[in-house]
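One structure below.
Naming: A, B, ... by sequence-line order, numbering from 1 per chain.
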Amino acid sequence: MTAEAVAIETVRRRRSAFRFAAAPLTWIGAALIALIIVAALLAPWIAPYDPLEQSIADRLMPPSAEHLLGTDSFGRDVLSRLIHAARISLAVGVLSIALAMVAGCAIGITAGWIGGWFDSLVMGALDVLMSFPSLLLGLMVVAMLGPSLEHLVLAIAITELAPFARVARAPTLALKERDFIEAGRALGLSELRIIVVHVVPNLLGDVVVVASLWLATAIRTEASLSFIGLGVKPPTPTWGGMLREGFETILDAPWLSVAPSLAILATVLALNMIGDGLRDAVDPRLRRD
Amino acid sequence: MTEPVLAIRNLAVEFRSRDGWLPAVRGIDLDLAPNETLALVGESGSGKSLTALAIMGLVPGPAGRIAAGSSIRFEGEELVGASEKALDAVRGNRIAMIFQEPMTALNPTMTVGAQIAEAIRVHRGLGRDAAWRESERLLDLVKVPSRRRRMHDYPHQFSGGMRQRVMIAIALACRPRVLLADEPTTALDVTIQAQVLGLLEDLKREHGLAVLFITHNLGVVALIADRVAVMYAGEIVESGRVEAIFAAPKHPYTLGLLGSTLRIDRDIEALQPIPGSVPAPGALGRGCAFAPRCPRAVSRCETEPPPLEAVAPGRLVRCWMPA
Amino acid sequence: MLGFLLRRIALAIPTLLAVMTAVFVLARVVPGDPAQVILGDQATAEALAALRQRLGVDRPLPAQYVDFLSGILRGDLGTSMVTGKSVWAEVLAVLPYTIELTLAAILLGILFGVPLGVLAATRHNRLPDALTRVLSLAGLSFPAFVSAVLLLLVFAIELRWFPVISNPRSGDLLERLQHLALPALNLGLIMTAYITRVTRSSVLGVLGEDYIRTARAKGIGRRAVLWRHALRNALIPVATVIGLYLGTMIGNSVLTEIVFNRPGLGKLILGALNQRDYTLLQGLMVIFAGFIVLANVATDLAYGLIDPRVRAR
Amino acid sequence: MSDEILIVDGVSKSFPAGGGWLRQRRVVQAVDNVSFSVVRGNSFGLVGESGCGKSTLARCLLRLIRPDRGRVMFEGTDIVQLGRRALRRARRRLQIVFQDPYASLSPRRTVFQTLAEPLVVHGIARGAALRPRVQAALAEVGLPAEVAERYPHEFSGGQRQRIGIARALMLEPALIVADEPVSALDVSVQAQILRLLEGLRNRRGLSFVFVSHDLAVVRHFCDQVAVMYLGRIVELGPTRKVLEQPLHPYTRMLRLASPVPDPAARFKLPRIEGEIPSALAPPSGCPFHPRCPDAMPVCAAVRPRTVEPEAGRRVECHLYG
């Protein structure tokens, strides 16, 4: 049989799920997050005041031309604090997710690949971890180790280990049974090579989706812990901490509660929008071919 | 020929894509008489399953639709454009359908008895007990052993062959005139396939059913069909009595299919495969859809689509250069 | 079904044991001497030793572990180091309020979430779908304390429809409901968002199944197919989500109780943390863990009721 | 004695099934004491219905699944006993082609990466030397060189199957185990792939173990055939003889149930003859006796021995002693 006898039909490239018309929410979310990231990076230059500078004379001022979002009970500029707090939230979120992702995936892939009783043991342990309310778990860890940035990152990473392990394990189990893995064995590839070259690339898509969705949760958890008083120590500004302080004067100065609320909400919502869009693009069940 | 129960004229089914509506079934004419088995033969993507779904009014919308100008008349009643209510009165009642995958076609959380009884209660207005007794009778009819117990079982407790029998029982629940069978034995082992085909044959004779049997397997066609219609790229390219088609295929595609089919009872010296593969719906040229793969193609085939023409009584071929 | 039930309960035992062990280890990792923490720097050595003995922390770890487990088996979770009352008494004092809040939230979630999800799925890619999608995404982006603060600001402080402080101990049923309304709404909205999303994707998935096509081919109308065939199968993942969400809900109820200044398990655990009441903390964690494991068993049983295939396994 | 490239001797494999904690552990005997041999340059067919153990047996031959018992002598060495390095070396001569062309190619790797990988791993070629070898393999399976940079999802089923075959050819094997290589394909494409495999056998002198459920395909492609039922070989012999004068009642039943594309050869369809039993609970005695039209009292009690009613043919049935 000659080569030209086999007509190679060009399969139309998959319709891009990333076009704006196909996924407007994803793009709105991405724009919002980009804005927040830029603000956080440029905080020292764009914030109108020093976020830590107190001024008793100016305390609890409602929003005005001078202080766009008003001042808090120490007379500090709320907008400046809000911009600086973005740095903490994003840093804690990204660091803890990166930690949880690397450790979780390693655990999940290993458990799935080895299988058998080892898999049951590891996943059982993770089930126990997962059945604990993540906020309580974070609370316990921080309460024991003492509140600090590193401990916060560690605590949140531990609460989000299990989802990553699960999301890495499920496709590993499925891929293990696929013919191309067996073909790799038959061709004499080493187990390590099969995992790195043939398994990992096929589950990265799922992991990225989970990462973007759980980044939202991480930022929410950070804010919650700060709100309870177990976050980064004052006077460093964090959104959760600002809301906690604002809540104490909610009857006199409601704007102190509204501003950080909206900042947290916007960030988490934007990340969820991106994660949702990514999932639609990656999940073959939802994709229409 | 007796009056057809089902008369299809110029049936076209389209699917939405980025470049507009693409045709998947392109103007089909079919007549189905009572007591007759018509085999609709084709490879994947030929549009044969969609044809059956179109008859049932079940083309998956909103991405798919039956094109304007299509007509499906069942006992004189036009089904294209009929209301959902009118279609529901026909579906499962006077036209029934069975599907390829017996593993997924039954509801996993409903007992088999309840799934059979459901259609009886909806269409025949029987009460709960009467419908249940009737369902038991149907399970008997399709020869499911120890039916009293099995009525209360769930689909996952049945083997593939038994599930297909249950599907047939559901289809026959309301004594339909027409049975659409979409590759009903493809997923089964050969010995089980033979059993199910035998059962269908009996039931067809007893009930005077008209059967539209969709398959890609020419062996099964030779076994059960009275007439054959061969589909390629959404069109019928050849039709006629089963003996005539197998004895002297006229269309090069039919010829190629037969040349590609192996036989258990005979040695075949050299396989004659059809080169290339089935074209995508959007990638059809101006001329005959089969021309790019056709060994007999001449220049006219590339530019002018051939019509479906009678070459003998009851024998239609769509080709400029028939064998 | 009975066999399935017994098997499932038997399977929960090792999980419970593992959780209890984890709690024991976690509670022992707390840095510092609990007696010192309670009595402060000024305490005498004798007082410290006496308290250590009373708490049982002077004994070797394995013995403590056995004490701990046998205590749980007898239903004895110890006494609070701060108030001196038994852990059970502390818990039972506030448990009704937490149960009240949680049940109300779940009820709200199912009541609104399931119909909204079904609506979105049946109007796939049309306006109701897009709207529910955006709203539910917003709903599950709300940290519980943010939504609580906003609800408080709008409905209690600005509009004055509901009391600012939720005091469930007060007066007649109507008043109680009024006090429950905002906290329950806060948890319930988040729950609704979750359930809506899961119901939507689950119904969408089920509607694409072959057996739905079979049912349509039987001549069953669209609506009847949805209720009789699709919903039952679609509810399987929904049941799981409600089970999984219980853990998150406990966390959210802590935040809600803080904002509305409402008594409950959440406030109790926060107080125990702040005061380093480590026996109360340990007891609370045992109760939470047991509750969550039981909830998981209940979820699996719900599964078995809905899906005959699970029963057979 | 002819030159036998593969001798399979008493291979068995069982799997634990269901069971687990608090449940009775059960065992499925997927492959039960199977022996056969393949002559160099020949094709050996393994046929049977779903659950008969033919795919498990195919994987045992490459030790993708390690058999519980028995020997797999490939070119004189026992595959079952080889160490890791020796097994790697042996597998260069022993390759596999899979049924599902959609699952057998790594979706994130280009055709070039897929085909070049075995060469690199075995240190046969690297760098610039890879491309001509990949192109030669593509040409051999009838694909143009420019497909090398494409990903699997851009190809039809038949084209993917060609790529799968090319991958198996990269290490220049002597024997290819083909597990239902044409079952997932359309009729016209099936014929293309069979033609391709025939060409390879003739040109390269390849030997095949060809697993299939389709007797017509086996008749066309295989010199010898073994019919499997519930993990055992119930009949074995030259393909044409086995299909034209089947000895075992099961072979006869298979043969009769297989449709022939000829209305003149229409046969009376069987009405009812029972289900394939579950491998979890195989019947006593001869596993086929509940469905067997010729069953005798002895069949339910005693498992039949293997007999050779004529030279080169084997059957496991009480009808023949």
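Within the model, atoms OG of Ser106(D) and CG of Leu175(A) stand 8.0 Å from one another, a figure rounded to the nearest 0.5 Å.
For Leu62(D), the part lying under 4.5 angstrom from a heavy atom of chain A is the side chain only. Using a 4.5 Å cut-off between heavy atoms, Arg109(D) touches chain A through its side chain atoms alone.
Within the 3.5 Å criterion, the main-chain N or O of Leu187(A) finds a donor-acceptor partner in the side chain of His122(D). Although no hydrogens or angles enter the test, the distance criterion places no donor-acceptor pair under 3.5 Å between the side chain of Glu182(A) and the main chain of Leu64(D).
With respect to Arg59(D) and Asp179(A), a salt bridge is recorded, a charged nitrogen being found less than 4.0 Å from a carboxylate O.
Closest non-hydrogen pair, Val121(D) versus Gly188(A), comes out as CG1-O, 3.7 Å.
Side chains of Arg185(A) and Arg91(D) form a contact here, defined as non-hydrogen atoms less than 4.5 Å apart. Between Phe98(D) and Arg178(A) there is no side-chain heavy-atom pair separated by less than 4.5 Å.
Per-residue counts of heavy-atom pairs under 4.5 Å with chain A were compared for Glu117(D), Arg89(D), Met170(D), Arg63(D); the largest is that of Glu117(D). Counting heavy-atom pairs under 4.5 Å between each of Gly158(D), Gly164(D), Pro107(D) and chain A puts Pro107(D) at the top.
Contacts of residues 160-172 of chain A with chain D at a heavy-atom distance below 4.5 Å are absent; not one residue qualifies.
Every pair passing side chain to side chain donor-acceptor pair (under 3.5 Å) that includes a residue from residues 99-117 of chain A is listed here, sequence neighbours excluded: Trp113(A)-Glu191(A).
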